[in-house]
Structure formats: structure tokens, C-alpha cells
Number of protein chains: 2
Amino acid sequence: MNAKISTPLSFVPVEQKIDRVCVRATAPDAQQTRQNVILSHLIRHIQMAQATQSNAFLREYELNAVSFTALMMLFSSPECALNPSELADATGESRANVTRICDELVAKKLLTRSPNSEDRRRVDLRLAPEGEELVQRFLPQMRDRVHNVFNVLSQDERNTLENLLKRVLTELG
Amino acid sequence: MNAKISTPLSFVPVEQKIDRVCVRATAPDAQQTRQNVILSHLIRHIQMAQATQSNAFLREYELNAVSFTALMMLFSSPECALNPSELADATGESRANVTRICDELVAKKLLTRSPNSEDRRRVDLRLAPEGEELVQRFLPQMRDRVHNVFNVLSQDERNTLENLLKRVLTELG
DNA sequence: GCGATTTAGTTCGAAATGATATTATCAAAA
DNA sequence: TTTTGATAATATCATTTCGAACTAAATCGC
């Protein structure tokens with residue numbers, strides 16, 4: 001019953017291919033290109049592996065990683081309320097997708113939608129009590145999942161990683 | 001100041017929300033939880049921003065990031081050939097998706113499919129000359145895109161980042 | 001004020017992706 | 001040999017996602 005998908009996440013074959021790309025491409029600064037591409041793919045593989053694992057865990061509870069993230073971001077907002085566009089920024093999802101996700105969450109009574117009194121274009125999304133309970137219930141388990149992954153690094157290393165990733169993200173803005 | 005007009009990618013609001021999650025969750029090791037969650041979301045946001053940018057660039061040429069990565073991985077393989085499952089590992093995509101992607105690439109004459117002579121279950125995917133040209137043509141531009149992002153880091157910092165990310169990915173395997 | 005522009009949110013259609021079942025082949029054990 | 005199980009690839013179906021078009025409401029410029 002160990003349906004653990006045999007996921008050979010070994011990055012070695014990927015890295016070898018990137019090496020060969022750089023050899024074949026004969027770029028002027030092949031070494032740096034090689035490293036940049038590797039960094040890019042590392043991030044991609046990590047993200048996909050994380051999403052896959054989170055989704056597999058949450059599926060039993062008829063949730064997915066994006067919905068849970070949305071609930072968590074609401075959970076952590078003042079009065080548990082956000083606008084759809086704020087939620088889109090917080091989760092990284094498109095606004096269209098946020099609309100759909102909120103449809104689902106409202107249908108599940110985890111979330112309420114109400115018109116904003118000051119700006120009638122806006123909508124207030126507010127976490128319902130059931131949504132709050134749900135977040136409280138799953139947070140520890142989700143925390144453990146993330147925990148185990150980054151615990152291979154020391155505190156210093158985590159600080160370094162955080163700093164480096166933030167600078168990279170800033171560059172993408 | 002903080003309200004940067006054209007920067008929806010600002011991570012600051014996300015980080016503030018993560019902070020509040022940790023405060024509310026009252027975990028025993030809130031500080032470390034906070035950092036782990038931030039790291040997780042940083043990686044997610046970087047990956048999504050990268051994918052969005054690459055897709056936007058490649059769309060003009062009726063390609064997407066995944067297809068291009070597939071072509072690149074073939075480009076760098078011995079004899080420009082791989083099996084679908086190898087290609088799935090190299091790209092991080094599911095096998096089902098690799099089948100579909102290859103359907104497209106074969107239709108575009110960028111790729112050929114032929115049965116493997118030794119094991120008739122297998123299929124040999126081979127980059128067609130047109131596919132090879134295409135990779136050669138776009139590689140410099142794709143390289144520049146990745147380049148600019150990671151160039152904010154020094155050589156030492158890139159080495160560190162590579163090392164840290166590899167250890168994280170290993171933990172996910 | 002008032003038209004033009006911008007912004008917030010949604011809708012809709014198309015594209016991308018994954019999970020599962022299916023088919024064909026190989027490998028290994030009985 | 002026959003059977004059993006594993007593996008490779010695909011087909012099928014449902015879900016997820018984004019982009020573009022759209023509506024409504026606010027704001028800006030005059």
C-alpha cells in the first residue's frame with residue numbers, strides 16, 4: 001500500500017544535460033550560463049516536488065495546496081479579510097483563478113463574500129469560523145512537512161538561503 | 001514607499017502574513033516555522049515568476065517553457081535522443097504530459113518518434129534537424145533571461161545558493 | 001461636472017496538467 | 001512453458017490554470 005510514487009528526483013541527469021547544452025551552445029561565458037540554468041531548474045524541481053507532496057497530502061481532505069494557501073493568507077490577515085486582488089498577490093495566482101477558488105471555498109462555507117462598503121467595485125473575502133478551524137487543524141501537519149525539508153540546513157544556512165532568494169525574487173519584479 | 005506601483009511581486013505582504021500565521025498558530029518553535037514557510041513561498045513565487053516570463057517570451061513563437069525545456073534536454077542528450085520516461089525525469093513533468101507534449105512537437109516536425117529496437121515497449125524520441133535549429137536559435141535569448149535574474153548574486157553567492165538548493169532537493173527525493 | 005482612463009472583479013474559452021485505466025512488452029518465478 | 005508481476009507508453013477523463021473580453025465603479029484631466 002506504499003503508493004509512494006517512485007520519483008527519482010536525482011538531479012544528476014538533469015545537471016549532466018545542462019552541462020552538454022552549455023558545451024554545445026558555445027556561449028562566451030559557458031560556466032556561468034551553466035550555473036544559472038542549473039539554479040533555475042533546481043528551483044523549478046523543488047517547487048514541483050513540494051506542490052506534488054502537499055497536494056497528495058491535502059487531497060484526502062478534498063483540498064489542494066493553492067486553496068490551503070489562500071485560507072492561510074486570510075487566516076493571517078487583520079480580521080481574516082482580504083480583497084480578491086490582495087489574495088491573488090499573496091498566493092501568486094491569477095485573479096481569474098482566485099475568483100474560481102473563492103467560489104469553491106464559499107460553496108464549502110469556509111469563506112464569505114460581501115461587497116465592500118467604501119468601494120463598491122471591491123469585495124471583502126472573510127474567513128468563516130469553519131475555515132478558521134480548518135486552518136488551525138491542518139497547520140501543524142503542513143508545518144511539519146515544510147519543516148522536514150528545510151531542516152537539512154543549519155540556522156545560518158537558512159538565513160543565507162532566505163537572503164539570496166529574496167534578492168533573486170526582487171530582481172524578477 | 002512600500003506601495004510600489006508596478007510591483008505586484010513584492011514579497012513583503014506575503015511575509016507579513018506568514019508572520020501573523022506563526023503568531024496565531026503559537027507553535028513551539030514559531031521562529032523556525034516562520035522561516036521555513038517563507039522559504040517555501042519564496043521558491044514558489046520565484047518559480048512562478050520565471051515560468052510566467054518565459055512563457056510570455058516564447059508564446060510569440062508558439063512555444064511554451066515546458067516544450068522548450070524538453071527540446072533543450074533532448075538537444076543535450078547523446079545523439080539527441082531520449083525515452084519519454086527519461087524526458088519526464090529531466091523536465092519534472094508527468095509521463096502523461098510528456099506524451100502530450102511530444103505529440104505536439106512531432107506534429108511540428110521538431111521531433112521524431114520511433115520504436116526502440118531492443119525493447120519494443122520503449123520509444124525513441126529524437127530531435128529533428130528543425131528542432132535542433134530552433135534550440136540553437138532561442139538558446140541565447142533564453143540564457144540572457146536567466147542570466148539577468150541570477151546576476152544580482154556574486155559568484156560566491158551563486159555557488160552557495162546552488163549548494164543549498166541541491167541539499168533541499170535531495171531531501172525531497 | 002463629465003468624458004476618458006484606470007481599476008476590481010468576474011466570465012468564458014482554451015490550454016495545460018495530473019490521476020487513473022489500458023495496452024503491450026518484458027522479466028522472473030513456479 | 002506458463003503465469004505472475006513489473007514496466008513503458010498511451011488514452012481518457014477531470015481538474016487546474018491562464019488570457020482576453022467584459023461589466024461596473026472609481027478617478028483623473030479638463
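Each chain gets a letter, A, B and so on, in the order its sequence line appears, and its residues count up from 1.
- At a threshold of 4.0 angstrom between heavy atoms, the contacts of B:Asn83 are confined to the sugar-phosphate backbone, with no base atom among them.
- With rounding to whole Å, A:Glu118 atom CD is found 15 Å from C:dA8 atom C1'.
- Atom pair B:Arg95:CZ and C:dT17:P shows a separation of 17 Å (rounding to whole Å applied).
- Among the protein residues, B:Val98 comes within range of no part of the nucleic acid, since none of its heavy atoms lies under 4.0 Å from any strand.
- Applying the 4.0 Å criterion to OP1 and OP2 of D:dT7, one finds that B:Arg121 has every side-chain N and O outside that range.
- No donor-acceptor contact under 3.5 angstrom links the side chains of A:Gln47 and A:Arg44, judged on distance only.
- The side chain of B:Ser94 contributes no N or O atom lying less than 4.0 Å from OP1 or OP2 of C:dA19.
- For A:Arg120 and A:Asn97, each mapped to the nucleotide of DNA chain D holding its nearest heavy atom, the one lying further toward the 5' end belongs to A:Asn97.
- Around atom CD of B:Glu79, no more than 12 heavy atoms belonging to other residues, nucleotides or ligands sit under 6.0 Å away.
- When distances run from any side-chain atom of B:Ala96 to the nucleotides C:dT20, C:dG9, D:dG19, the shortest one goes to C:dT20.
- Distance CD (A:Gln53) to C1' (C:dG18): 16 Å, rounded to an integer number of Å.
- At a threshold of 4.0 angstrom between heavy atoms, the contacts of B:Thr99 include nucleobase atoms, whether or not backbone atoms are also involved.
- Nucleotide C:dA16 holds its P atom 17 Å from the CZ atom of A:Arg100, rounded to whole Å.
- Between B:Ser67 and B:Asn64, the side chains place a donor N or O and an acceptor N or O closer than 3.5 Å (distance only, hydrogens not considered).
- At the heavy-atom level, B:Asn64 lies under 4.0 Å from the strands shown only through sugar-phosphate atoms.
- For the 3.5 Å distance criterion, the side chains of A:Asn159 and B:Gln35 qualify, holding a donor opposite an acceptor.
- Computed from coordinates, the A:Leu82 CG to C:dA8 C1' distance equals 14 Å when rounded to whole Å.
- Residue A:Glu86 is classed as having no contact, given no heavy-atom separation below 4.0 Å to the nucleic acid.
- Distance CG (B:Leu87) to P (D:dA8): 14 Å, rounded to an integer number of Å.
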